[in-house]
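Notes for the one structure printed next.
Hydrogens, waters and symmetry mates are skipped; everything else that's a heavy atom, side chains included, is used.
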Amino acid sequence: MIMVFLTSPQFVIENELGGVLITGKHLRSFDNYKERMDEIDSNLKIPLFTALDQEGGIVNRLASFSDNWRHTPSALEMRRMDTTQIRTLAKKNWTRTQGYQN
């Protein structure tokens, strides 16, 4: 499988790419992002793998998707947290994000 920066759905489909990297600009319009992902996913033989460069702190891609993620600790700060604290933080943010309306 090859993962690329998310380009046009047609490019991903025609080249049967296995995954895409999502950045903050892709999440500015969630409806557009979801539409693109659905188009790609429905035209590939296997489910599309997606990844997001989310580090928290200064590099916070998810903040463009929802303010719930704006104060996510940096990777350095999370390194000092135990696994339970990190999972709790992620679950809390994800649960709050589920009600997000663009």
Specify the closest pair of heavy atoms between T50 and M37, including all atoms of both residues, with the distance to one decimal. CG2-SD, 3.9 Å

Donor-acceptor side-chain pairing of Q85 and T88 below 3.5 angstrom: no

How many angstroms lie between CZ in F49 and CG in L21, if you round to the nearest 0.5 Å? 10.0 Å

Indicate if I22 and L44 have the same hydrophobic cluster label, given that clusters are the connected sets of ILVMFWY residues with side-chain heavy-atom separations under 4.5 angstrom. yes

Check side-chain hydrogen bond (donor to acceptor under 3.5 Å, both in side chains) between E39 and all other residues, then give those that pass, not counting sequence neighbours. none

Residue from R80, M78, R79 passing side chain to side chain contact (heavy atoms under 4.5 Å, CB included) with P73: M78

So does T84 get a backbone contact from the side chain of D82, meaning a donor-acceptor N/O pair under 3.5 Å? yes

Which pairs of donor and acceptor atoms, one on a side chain in residues 1-13, lie under 3.5 Å apart (sequence neighbours left out)?
{"unit_1": "S8", "atom_1": "OG", "unit_2": "F11", "atom_2": "N", "d": "3.1"}
{"unit_1": "Q10", "atom_1": "NE2", "unit_2": "E14", "atom_2": "OE2", "d": "3.2"}

